[in-house]
Amino acid sequence: MAFRTARNLAYFSNYIRNYSTNGPLVNVTVNEKSGFATATLQRPSVNSLNLELLTEISHTLQQLEKNKCRGLILTSASNKVFSAGLDLFELHKPNADKIKQMWSTLQEVWIKLYGSSYPTVAVVNGHAPAGGCMLALSCEYRVMLNNFIIGLNEAQIGFSAPMWLIDGMRNTIGSRQAEFALTAGTLFKTEEALKIGLVDEVAQSKEEAIEKAEKFLNKFAKIPPHARSMTKAALRGANIQALVRNKDEEVRSYVDFVTDSQFQDSLGEFIELNLKQKLSK
Ligand SMILES: CCCCCCCCCCC/C=C/C(=O)SCCNC(=O)CCNC(=O)[C@H](O)C(C)(C)COP(=O)(O)OP(=O)(O)OC[C@H]1O[C@@H](n2cnc3c(N)ncnc32)[C@H](O)[C@@H]1OP(=O)(O)O
């Protein structure tokens, strides 16, 4: 079943409406002519990834896979921020159970998006630090608007990106550039990101970015979908399997790491220094 018919589109919209209690955090539309879906992240104000948003992204990806989506464009409703990454306020003095679910859902999102059978493009129409960069990296192609930043700045916050995310960075920009970028936690401006291959194209407006994204997706029009997805699985499968094998162990280490007082202190300092909203004392 593809999303091309109005009936399927209605089914999917109902699913999203029923799933969300406070209105969808991910808005999905399907172009009936091309069959391409656009998933727009719309958690105010910066699409920071809390458990609710991650869960909705994960369910959306599951539905797209089930409905044999022909291509996905992932973008943001904000014209300033694609995604600010993990919700830092939810990592501060967290409830261990919630943090466990959050990390496990983040892993699911990566597995589903990095391993999707359909082609994917991120239209990065705003800043994309850390988890924002993760979402963009898990797509196959990135079109970014000018004057924003993108990168994995985990080292600056006081931790290392997990192995699967390092793999994603390495597979995109190569080992040498990945080592420079990750050890310094560099956030790249759009033009710098283009130079090192972290993004594939730059656009001046969201409309232009969407056109470029559709052009990329249309390249596969004449390629048999199963041949395309088998090739993608051959290229990405080993990285995904490595995470699947280590999933539970990584969740345990992550919960221990994040609940440790040393991490909590450095996170508190990072928030006070970098975010406008402050912690309640
Ligand atoms: C085996 C065990 C391994 C352990 C590994 C540990 C964990 C590894 C995790 C790896 C994967 C992902 C990690 C992350 O994503 S960490 C999150 C990192 N994010 C950031 O550093 C971004 C911080 N934010 C910014 O730099 C800027 O806000 C931004 C450039 C995104 C936008 O700037 P702008 O000037 O446009 O907007 P403001 O700064 O005014 O922000 C607007 C409001 O949004 C709030 N905000 C921003 N970022 C976050 C965030 N990440 N979480 C929650 N809230 C955020 C900000 O406070 C403003 O709020 P108010 O409007 O209320 O003032």
Side-chain angles (χ1 to χ4, degrees), residues 25 41-54 57 76-94 96 99-111 113-114 124-138 144-145 147-169 178 181-190 193 242-243 245-260 262-280:
L25 300 174
L41 308 180
Q42 51 184 27
R43 177 173 183 243
S45 59
V46 290
N47 288 321
S48 60
L49 301 168
N50 67 349
L51 179 59
E52 289 70 25
L53 178 55
L54 285 167
I57 298 172
S76 163
S78 156
N79 57 11
K80 276 171 73 182
V81 183
F82 175 72
S83 165
L86 292 181
D87 190 321
L88 292 173
F89 292 97
E90 298 217 357
L91 294 189
H92 190 249
K93 299 192 180 154
I99 257 330
K100 193 172 159 188
Q101 280 183 60
M102 196 169 152
W103 191 256
S104 162
T105 313
L106 182 75
Q107 293 172 325
E108 286 296 326
V109 166
W110 170 265
I111 291 169
L113 191 54
Y114 197 65
V124 186
N125 58 327
H127 300 299
C133 179
M134 178 218 93
L135 289 175
L137 270 178
S138 37
M144 186 164 173
L145 268 65
N147 302 317
F148 294 119
I149 49 153
I150 184 167
L152 297 176
N153 59 329
E154 282 78 358
Q156 286 191 41
I157 313 175
F159 47 81
S160 160
M163 199 56 220
W164 43 273
L165 188 49
I166 294 177
D167 284 339
M169 189 73 158
L182 286 158
T183 50
T186 311
L187 289 169
F188 298 92
K189 293 191 185 123
T190 305
L243 168 58
R245 282 194 300 274
N246 193 36
K247 217 167 166 284
D248 296 344
E249 179 55 37
E250 188 186 91
V251 171
R252 278 192 287 277
S253 327
Y254 173 72
V255 173
D256 287 350
F257 184 86
V258 167
T259 49
D260 186 81
Q262 210 176 332
F263 174 78
Q264 285 297 318
D265 289 348
S266 65
L267 176 64
E269 273 171 37
F270 182 88
I271 292 176
E272 291 302 312
L273 272 175
N274 293 283
L275 298 188
K276 285 195 188 131
Q277 189 184 330
K278 303 296 175 203
L279 298 166
S280 47

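This is a predicted model, so every value here is computed, not measured. In listed order, ligands and their atoms are each counted from 1.
Every N/O-N/O distance between N274 and ligand 1 stays at or above 3.5 Å. Taking only nitrogen or oxygen atoms, main chain and side chain alike, G131 reaches within less than 3.5 Å of ligand 1. Of the N or O atoms in L88, one or more lie within a sub-3.5 Å distance of an N or O in ligand 1. Between A84 and ligand 1, at least one pair of N/O atoms sits closer than 3.5 Å.
When atom types are taken as modelled, the side chain of Q42 and the backbone of A77 share no donor-acceptor pair closer than 3.5 angstrom. The main-chain N or O of H92 is never found under 3.5 Å from a side-chain atom of Q264 such that the two would form a donor-acceptor pair. Remark: side-chain polar atoms of N79 are not paired, donor with acceptor, to backbone N or O of N125 under 3.5 angstrom. Judged by distance alone, the side chain of Q107 and the main-chain N or O of K247 form a donor-acceptor pair under 3.5 Å. The backbone N or O of L145 sits less than 3.5 Å from a side-chain atom of T190, completing a donor-acceptor pair.
Contact between E154 and ligand 1 is present, with at least one heavy atom of the residue lying under 4.0 Å from the ligand. Taking 4.0 Å as the cut-off, S160 counts as a neighbour of ligand 1 on heavy-atom distance. Remark: distances from the non-hydrogen atoms of F263 to ligand 1 are all 4.0 Å or more.
With respect to atom 33 (O) of ligand 1, the closest heavy atom belonging to the protein is H127 CD2, 4.3 Å. At the top of the distance list for atom 23 (C) of ligand 1, counting protein heavy atoms only, stands L275 CD2, 3.6 Å. Here the heavy atom of the protein found nearest to atom 14 (C) of ligand 1 is A130 CB, 3.3 Å. Annotation: atom 32 (C) of ligand 1 to nearest protein heavy atom, V81 CG2, 3.8 Å. Among protein heavy atoms, atom 62 (O) of ligand 1 sits closest to Q277 OE1, 3.0 Å. For atom 1 (C) of ligand 1, the nearest protein heavy atom (residue, atom name, distance) is S253 CB, 3.6 Å. For atom 38 (P) of ligand 1, the closest heavy atom belonging to the protein is K276 NZ, 4.2 Å. Among protein heavy atoms, the minimum distance from atom 4 (C) of ligand 1 is reached at Y254 CD1, 3.8 Å.
By the 6.0 Å contact criterion, NZ on K100 is open, its count of non-hydrogen atoms from other residues, nucleotides or ligands being 12 or less.
When all heavy atoms are compared, the tightest approach of E52 to N50 is OE1-ND2, 3.0 Å.
Atom CG of N246 and atom CZ of R252 lie 9.5 Å apart (nearest 0.5 Å).
The proximity of W103 to ligand 1, defined as any non-hydrogen pair under 4.0 Å, is limited to the side chain. When non-hydrogen atoms are compared, ligand 1 lies under 4.0 Å from the side chain of F159 (C-beta onward) but not from its backbone. With a 4.0 Å heavy-atom cut-off, ligand 1 is reached by the side chain of N153 but not by its N, CA, C or O.
Near F89, meaning under 4.0 Å from any of its heavy atoms, are these atoms of ligand 1: 53 (C), 54 (N), 57 (O). Taking every heavy atom of F270 and a limit of under 4.0 angstrom, the matching atoms of ligand 1 come to 21 (O). Residue K80 has at least one heavy-atom neighbour below 4.0 Å for each of these atoms of ligand 1: 36 (O). Interface of G85 with ligand 1, defined as ligand atoms under 4.0 Å from a residue heavy atom, comprises 15 (O). Those atoms of ligand 1 with a heavy atom of S45 less than 4.0 angstrom away are 43 (C), 44 (O). In the vicinity of P129, heavy-atom distances shorter than 4.0 Å reach the ligand 1 atoms 22 (C).
A donor atom on one side chain and an acceptor atom on the other are found under 3.5 Å apart for S48 and D87.
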Y254 and I99: CA distance, side-chain angles, deciding distance, side-chain contact (heavy atoms from CB on, under 4.5 Å) verdict: CA-CA 9 Å; Y254 173 72; I99 257 330; 4.2 Å; yes
Full working for side-chain contact (heavy atoms from CB on, under 4.5 Å) between L135 and V109: CA-CA 8 Å; L135 289 175; V109 166; 3.9 Å; yes
Could you go step by step and tell me if Y114 and L165 meet the side-chain contact (heavy atoms from CB on, under 4.5 Å) rule? CA-CA 10 Å; Y114 197 65; L165 188 49; over 6 Å; no
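You'll find the side chain of P94 reaches within 4.5 Å of the side chain of T259, heavy atoms only. Taking the side chain as every heavy atom from C-beta outward, L91 and M102 approach each other to under 4.5 Å. Considering only heavy atoms from C-beta on, F159 comes within 4.5 Å of F257 through its side chain.
Closer than 4.0 Å to atom 26 (O) of ligand 1 lies none of the heavy atoms of the protein. Proximity of atom 53 (C) of ligand 1 to the protein is indicated by at least one non-hydrogen atom lying closer than 4.0 angstrom.
A perpendicular orientation is assigned to the rings of H127 and F148, their planes being inclined by more than 60° (bins at 30° and 60°).
Among V46, L165, I157, L86, the residue whose heavy atom sits closest to atom 46 (N) of ligand 1 is V46.
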